[in-house]
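No hydrogens, no waters, no symmetry mates; every other heavy atom, side chains included, goes into these values. For reference, positions follow the sequence shown, starting with 1. Atoms within each ligand, like the ligands themselves, are counted from 1 in listed order.
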Amino acid sequence: MSESTVRIGLVLPDVMGTYGDGGNALVLRQRLRLRGYDAEVVEITLADPVPESLDIYTLGGAEDSAQRLATRHLQRYPGLQQAAAKGAPVLAICAAIQVLGQWYETSSGERVDGVGMIDVTTAPRTERAIGEVTTTPMLAELTAALTGFENHRGGTKLGGAATGLARITRGVGNGVGDGLEGVVQGSVIGTYMHGPALARNPELADLLLARALGVAELAPLAMPEVEQLRRERLRA
Ligand code: GLN
């Protein structure tokens, strides 16, 4: 690994790996390599402190019990918080939104303090949200619909310091009646979309990578399979 290697932190895949969201780290690595960058995925497990020196971080979804273990670990080793404060992009999927927030309530009604990186709170909805999601992005850099698959019980309310990632056109999203999906605050982008989200939304992958590399934008990659998948999902 050279000094110029882009290092992608896959945070706690041992507990936040239930829904295949580790694929987001692989997508980031592959899109970098296809453009000639050296890139590595650094897995940070419950056995490791969280380094603050990586270039970009991703966290996946998890069941309630697993997300509690993750919360405790991130509180104990605040490397992610320090990296985000320095501007390193962080992609948080589903349970990870809840973990990085102020607090979340589990389906059994227990309130757990979150990491406090983003101004959101999460409480259980009466019904689980499961199915395809399609949204219109609210970030100026994104032009294409964001799509994914959601599977969560939590409903997430945004506080004043956070904004939505997108507006729901199909599916539930944050699930508190404001029509929003996901969250943006500082260098953190969160979404309820599995898929993995970056395999289904290359524009979002490249936005995160451009920020990690400190460049204005990256030239798109021609990937017909990805476009085919997007068309199928938008029609489905
Ligand atoms: N346990 C959380 C919920 O049900 C998150 C689930 C997930 O990450 N898919 O809201």
Pairs of nitrogen or oxygen atoms, one from ligand 1 and one from the protein, closer than 3.5 Å: please tabulate them with distances.
{"residue": "ligand 1", "atom": "1 (N)", "partner": "Ala62", "partner atom": "O", "Å": "3.2"}
{"residue": "ligand 1", "atom": "1 (N)", "partner": "Asp64", "partner atom": "OD1", "Å": "2.7"}
{"residue": "ligand 1", "atom": "1 (N)", "partner": "Gln67", "partner atom": "OE1", "Å": "3.1"}
{"residue": "ligand 1", "atom": "4 (O)", "partner": "Arg153", "partner atom": "N", "Å": "2.9"}
{"residue": "ligand 1", "atom": "8 (O)", "partner": "Ala62", "partner atom": "N", "Å": "3.0"}
{"residue": "ligand 1", "atom": "8 (O)", "partner": "Ala62", "partner atom": "O", "Å": "3.4"}
{"residue": "ligand 1", "atom": "8 (O)", "partner": "Ala95", "partner atom": "N", "Å": "3.1"}
{"residue": "ligand 1", "atom": "9 (N)", "partner": "Tyr19", "partner atom": "OH", "Å": "3.4"}
{"residue": "ligand 1", "atom": "9 (N)", "partner": "Asn151", "partner atom": "O", "Å": "2.8"}
{"residue": "ligand 1", "atom": "9 (N)", "partner": "His194", "partner atom": "NE2", "Å": "3.1"}
{"residue": "ligand 1", "atom": "10 (O)", "partner": "Gln98", "partner atom": "NE2", "Å": "3.0"}
{"residue": "ligand 1", "atom": "10 (O)", "partner": "Arg153", "partner atom": "N", "Å": "3.1"}
{"residue": "ligand 1", "atom": "10 (O)", "partner": "Gly154", "partner atom": "N", "Å": "2.8"}

**Q.** Salt-bridge criterion met for Glu181 and Arg167 (N-O under 4.0 Å)
**A.**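 Salt bridge between Glu181 and Arg167, a charged N being under 4.0 Å from a carboxylate O: no.
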
Q: Answer yes or no: is there an ion pair linking Arg211 with Glu141, defined by an N-O contact shorter than 4.0 Å?
A: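 Salt bridge: yes.
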
Is there a donor in the side chain of [X] and an acceptor in the side chain of [Y], or the other way round, less than 3.5 Å apart?
| X | Y | value |
| --- | --- | --- |
| Thr147 | Arg200 | yes |
| Arg231 | Gln228 | yes |
| Thr18 | Glu63 | yes |

Q) So among Arg233, Arg170, Arg235, which one has a salt bridge (Lys or Arg N to Asp or Glu O under 4.0 Å) with Glu132? A)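 It is Arg233, the one option of Arg233, Arg170, Arg235 that forms the salt bridge (Lys or Arg N to Asp or Glu O under 4.0 Å) with Glu132.
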
